[in-house]
Every structure is written in structure tokens, then in C-alpha cells.
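This one's a predicted model, so the numbers in the text were calculated from it and none came from an experiment. In what follows, residues are counted from 1 in the order of the sequence shown.
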Amino acid sequence: MSQDQWADRLTAALRDSESESWSRRAAAGRQLAAWAEREEAGPILERLLLDAHDTAVTQETAQALLERRDLVGLRAVLAALSRAEEGATADQLDGEVFGYRSRLIADDRTDEFVDQLVSLTADQNKGVRDEVLRLSRPGSSHE
């Protein structure tokens, strides 16, 4: 895919992230997750993760970020979870994180998850650090 095609797709996803349609916002979140490391995508992904109108947007965006299986995606979801004020949104994000953890454990990739948490213990964002501590507690489960 050419640079122009990537730029066009990014522009379309940015536009759709502000759509009135929950399905367009959810699709935008899924697309923007691929560019999560780009500075301009961060605030938009956070807004979609904390979507005030539909938890399907939260779910799709969180799943896409976690499917990256990297620190960027996990950090974005944990940062949003630490800021979630709406109960349904917090529950959705919490469920996605615990689902991610469960999938890695089931795939015998527990070390990968632990390594990600260890890396995030020194994160600049206190909310991320707090979520990491909560996830690191022995016996922690979906609350």
C-alpha cells in the first residue's frame, strides 16, 4: 500500500471517529488501533475507548488495541480504564483486559503478559501504573 493510500485510510478513520453512527466509530477505532503509536491517534483512541454513547465502540477499539499484543495497545487500554468514569465503560474495558490476559495464559504466553506488566510498572501515567498493580495482585480476577 502506498503512502498516499495509508494517508487516505488514516484520514477516513479520523473522520469516522466523530460519526454519529456507533458502527462507524467502532470501525474507526479498529482501524486507528493500527496507528496507535502515532501521536495524532492517541487522543482519538482514548475518546473512542471512553465512548460516552455506546460500549460497542469501547469494545471494538479495546479488542483491536489488545490484538496488537504490544505495550502500545495494552497501555492505551489501561490508561483509558484508569480514567473511565462511566460504570458500563469501565466494566467493558476491564473485561477486555481480563479477556486478553486469559487468552495469553491459554496460549501459554503468561510470560509475555507478565513482561508487559513489568514494563508498564514504570509508566509515566499513574493511572496505568495503578492498573498494572491491580492486575499484578495474586488472585486478581475480573472485578
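Closest approach of Thr55 and Gln92 over heavy atoms only: O-CG, 4.0 Å. What you find for Ser17 and Arg47 is that their closest heavy atoms are O-NH1, 2.9 Å. Looking at every heavy atom in both residues, Leu81 comes nearest to Ala90 through CD1-O, 3.5 Å. When all heavy atoms are compared, the tightest approach of Leu49 to Ala76 is CD1-O, 3.6 Å. Across all non-hydrogen atoms, the minimal contact from Ser136 to Leu117 is OG-CD1, 3.9 Å. Nearest heavy atoms, Ala36 versus Val72: CB-CG1, 3.6 Å.
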Begin with the C-alpha distance, continue with both residues' side-chain angles, and end with the deciding distance and a verdict on side chain to side chain contact (heavy atoms under 4.5 Å, CB included) for Tyr100 and Val97.
CA-CA 5 Å; Tyr100 173 68; Val97 170; 5.5 Å; no
Arg69 vs Asp107, test: side chain to side chain contact (heavy atoms under 4.5 Å, CB included). Steps then yes/no.
CA-CA 12 Å; Arg69 288 191 168 183; Asp107 291 346; 2.9 Å; yes
I would like to know whether Asn125 and Asp130 meet side chain to side chain contact (heavy atoms under 4.5 Å, CB included); could you show each step before the answer?
CA-CA 9 Å; Asn125 183 318; Asp130 289 347; over 6 Å; no
Could you walk me through whether Arg101 and Glu96 pass salt bridge (charged side-chain N to carboxylate O under 4.0 Å, His left out), step by step?
CA-CA 9 Å; Arg101 178 177 78 170; Glu96 296 305 329; over 6 Å; no
Walk me through it: do Asp94 and Arg134 pass the test salt bridge (charged side-chain N to carboxylate O under 4.0 Å, His left out)?
CA-CA 11 Å; Asp94 200 42; Arg134 184 178 66 88; 2.6 Å; yes
Test side chain to side chain contact (heavy atoms under 4.5 Å, CB included) on Trp35 and Leu10 and set out the steps.
CA-CA 8 Å; Trp35 295 295; Leu10 178 59; 3.6 Å; yes
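Using a 4.0 Å cut-off between charged nitrogen and carboxylate oxygen, Arg68 and Glu37 count as a salt-bridge pair.
Counting only N and O atoms by type, the side chains of Glu67 and Gln63 include no donor and acceptor under 3.5 Å apart. Between Ser21 and Ser23, the side chains place a donor N or O and an acceptor N or O closer than 3.5 Å (distance only, hydrogens not considered).
From Ile105, atom CD1 reaches atom CZ of Arg103 across 11.0 Å, with rounding to the nearest 0.5 Å. Rounded to the nearest 0.5 angstrom, Leu93 CG and Glu86 CD are separated by 11.5 Å. Within the model, atoms CG of Leu14 and CD1 of Ile44 stand 4.5 Å from one another, a figure rounded to the nearest 0.5 Å. A distance of 11.0 Å separates CD of Gln31 from CG of Leu48, quoted to the nearest 0.5 Å. The distance from atom CG of Asp54 to atom CD of Gln59, rounded to the nearest 0.5 Å, is 9.5 Å.
More than 12 heavy atoms of other residues, nucleotides or ligands lie within 6.0 Å of CD in Glu40, so this atom counts as buried by the packing criterion.
Looking at Asp70, its side chain does come within 3.5 Å of a backbone N or O of Gly73 through a donor-acceptor pair. Of the possible donor and acceptor atoms, none in the side chain of Arg129 sits under 3.5 Å from a partner among the backbone N and O of Ala122. Distance alone, capped at 3.5 Å, places no donor-acceptor pair between the Arg38 side chain and the Leu32 backbone. Here the side chain of Thr61 pairs no donor or acceptor atom with the backbone of Thr58 at under 3.5 angstrom. Between the side chain of Arg25 and the backbone N or O of Val57 there is no donor-acceptor pair closer than 3.5 Å.
At least one side-chain heavy atom of Leu78 sits less than 4.5 Å from a side-chain heavy atom of Leu135. A heavy-atom distance below 4.5 Å is not found between the side chains of Val132 and Asp123.
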